[in-house]
Amino acid sequence: MNAPPPNDLLPEFPADFVWGVATSAFQIEGAAREDGKGPSIWDEFCRKPGVIADHSTGDVACDHYHRLDADLDLIASLGVDAYRFSVSWPRVQPHGVGAWNEPGLAFYERLVDGLLARGIKPYLTLNHWDLPAALQASGGWGNRDTVYRFVDYATQVAARLGDRITAITTHNEPWVMACLGHETGEFAPGIKDRAVATQVSHHLLLSHGLALQALRAQGCTSRLGIVLNLAPVVAATQSAEDQAIARLKDGRLVRWYMDPLFKQAYPADILEFLGRDAPRMEAGDLRDIATPMDFLGVNYYSRRVASAAGHWDPHAHGKPVTDMGWEVYPQGLTELLLRLDHDYALPPMYITENGAAFKDQLLAGQVHDDLRRDYISRHIAAVADAMRQGVRMQGYMVWSLLDNFEWASGYAKRFGIVHVDYATQQRTLKDSALWYREFLRQQKAKQMPGLVSLERA
Ligand code: IFM
């Protein structure tokens, strides 16, 4: 891997650019059955034999539910502006319909108030995949009724917390929920049916638009948006087959979500490809999906290389890869942002997730994760590159604050800038966290030299 840009070569970002760290409820909270929480589809999925690499569950995870104050102090110690977290729907509404669970709501209230007391902006995600299991029993996201249940849930959370939340994201990565959850079945709820998957994607998008309308109607002042996992998709070779596959994969990953959200239409080539598996829609759905947003969140990890010969393995092609086997390709982030900016009329964008899993070693209380530090700094440089070329970016958030439950990979893959010893739950700042903290300190020193020197005096 190339050397990262030294800190003093990373450009100065605007003073209002938001720097953060991100997590999600199921991946860190634990307390899976406490204080009235209902089961989610991930609680149930983890119990199926063979679906999680290390046979683990989210029952304890990082035990964040019981360590909230210490974890908030940890976040504050990094000097970030924002913390992106998600609310577990079954913790606040155990069955996804009907009664609300007061201890669950109170937990998130403590979380939000704790952030504000430490001067950190709360960025709340409503759905980071942990649908109440009771809703799956009646078809989950494949059932149009779940759309209306989600709107109820969104309005309840916003009524309770919205006055203190900077930004609300409806869904995190609908492509993952639809495709990995319902087409390949690698993720919860483990369904393998393309028609269901496309219907799920439509319902996720529709519920996003309707939730935005409902939140605005009730006077919610938080900024409202969605988070998509996006990547440039390039063909492995110039061959017509590879080009066609790249176009198809781009259509399913990028245009299938971006076009309805910003152009009020699904891409015609993908509708044709899907044929009988295309989603059933009602009049007005596309108009509702395209309800204007205040921001778009982009999660970026790598590019995709499409090949008619099957899976294109970056490692076999001599490319640097992370522990997930994903190519390290920071310039893909600049390419992606320029392309989105060119093809769509967008609100400002945030990088809501970016980071990497590497094999870390905790030795004498330290983790020298140079590869992760290099990854993060080179991606920050890639964001700056896009901004220099005119793209409106408002923030960058590292995935993830803590090592955590990496879905079907269990706890084997570590994405945190903070190491978690799962036996003791001890947290240790990795070198990447120390680097990020120093980078943010330098950014602020450049922007407010007077303030920083006064603080130091
Ligand atoms: O851990 C996930 C996160 O939940 C969603 N985006 C990608 C991350 C890394 O795989």
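Just so it is clear, the values below take in all heavy atoms, side chains as well, and ignore hydrogens, waters and symmetry mates. Predicted, not measured: the structure shown is a model, and the values here were computed from it. One-based numbering, in listed order, for ligands and for the atoms of each.
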TODO: For ligand 1, find out whether one of its N or O atoms is nearer than 3.5 Å to an N or O atom of Trp399.
DONE: yes
- [ ] Answer with side chain, backbone, both or neither: which part of Tyr300 has a heavy atom less than 4.0 angstrom from an atom of ligand 1?
- [x] neither
Open item on the list: For atom 1 (O) of ligand 1, what is the closest protein heavy atom, and at what distance to 0.1 Å?
Closed with: Glu406 OE1, 2.6 Å
Open item on the list: Determine whether Asn229 and Tyr301 satisfy the following criterion, side-chain hydrogen bond (donor to acceptor under 3.5 Å, both in side chains), listing intermediate values before the conclusion.
Closed with: CA-CA 8 Å; Asn229 57 307; Tyr301 289 90; over 6 Å; no
TODO: Determine, using heavy atoms of His128 and all atoms of ligand 1, whether some pair is separated by less than 4.0 Å.
DONE: yes
Task: Subset of ligand 1 atoms that lie under 4.0 Å from at least one heavy atom of Glu173 - done: 5 (C), 6 (N), 7 (C)
- [ ] Using a strict 4.0 Å cut-off to heavy atoms of Phe415, name the atoms of ligand 1 that fall inside it.
- [x] 9 (C), 10 (O)
Open item on the list: Do the side chains of Asp323 and Arg372 get close enough for a salt bridge, i.e. N-O under 4.0 angstrom?
Closed with: no
TODO: State plainly whether the residues Arg33 and Asp59 are in salt-bridge range, i.e. N to O under 4.0 Å.
DONE: yes
Open item on the list: Looking only at distances, can you tell me whether any N or O atom of Asn299, backbone or side chain, sits closer than 3.5 Å to an N or O atom of ligand 1?
Closed with: no
- [ ] Please report which non-hydrogen protein atom sits nearest to atom 6 (N) of ligand 1, along with the residue it belongs to and the distance in Å to one decimal place.
- [x] Glu353 OE1, 2.5 Å
Open item on the list: Can you confirm whether His368 is buried at NE2, in the sense that more than 12 heavy atoms of other residues, nucleotides or ligands lie under 6.0 Å from that atom?
Closed with: yes
Open item on the list: So, applying ring-ring contact (aromatic ring centres under 6.0 Å, His included) with His171, which one of Trp141, Trp89, Tyr257, Trp129 is it?
Closed with: Trp141
Task: More than 12 heavy atoms from other groups under 6.0 Å of NZ on Lys192 - done: no
TODO: Step through the shown structure and confirm whether more than 12 heavy atoms of other residues, nucleotides or ligands are within 6.0 Å of NZ on Lys263.
DONE: yes
Open item on the list: Under a 4.0 Å threshold between the charged nitrogen and the carboxylate oxygen, would Arg110 count as salt-bridged to Asp113?
Closed with: no
Task: ligand 1 contacted by Phe405 (non-hydrogen, < 4.0 Å) - done: no
Task: Protein contact of atom 8 (C) of ligand 1 - nearest heavy atom, named by residue and atom, plus distance - done: Tyr301 OH, 3.4 Å
Task: Where ligand 1 meets Trp326 - atom numbers and elements under 4.0 angstrom, heavy-atom basis - done: 10 (O)
- [ ] Using a 4.0 Å heavy-atom threshold (strictly under), name the region of Met324 that reaches ligand 1: side chain, backbone, both or neither.
- [x] neither
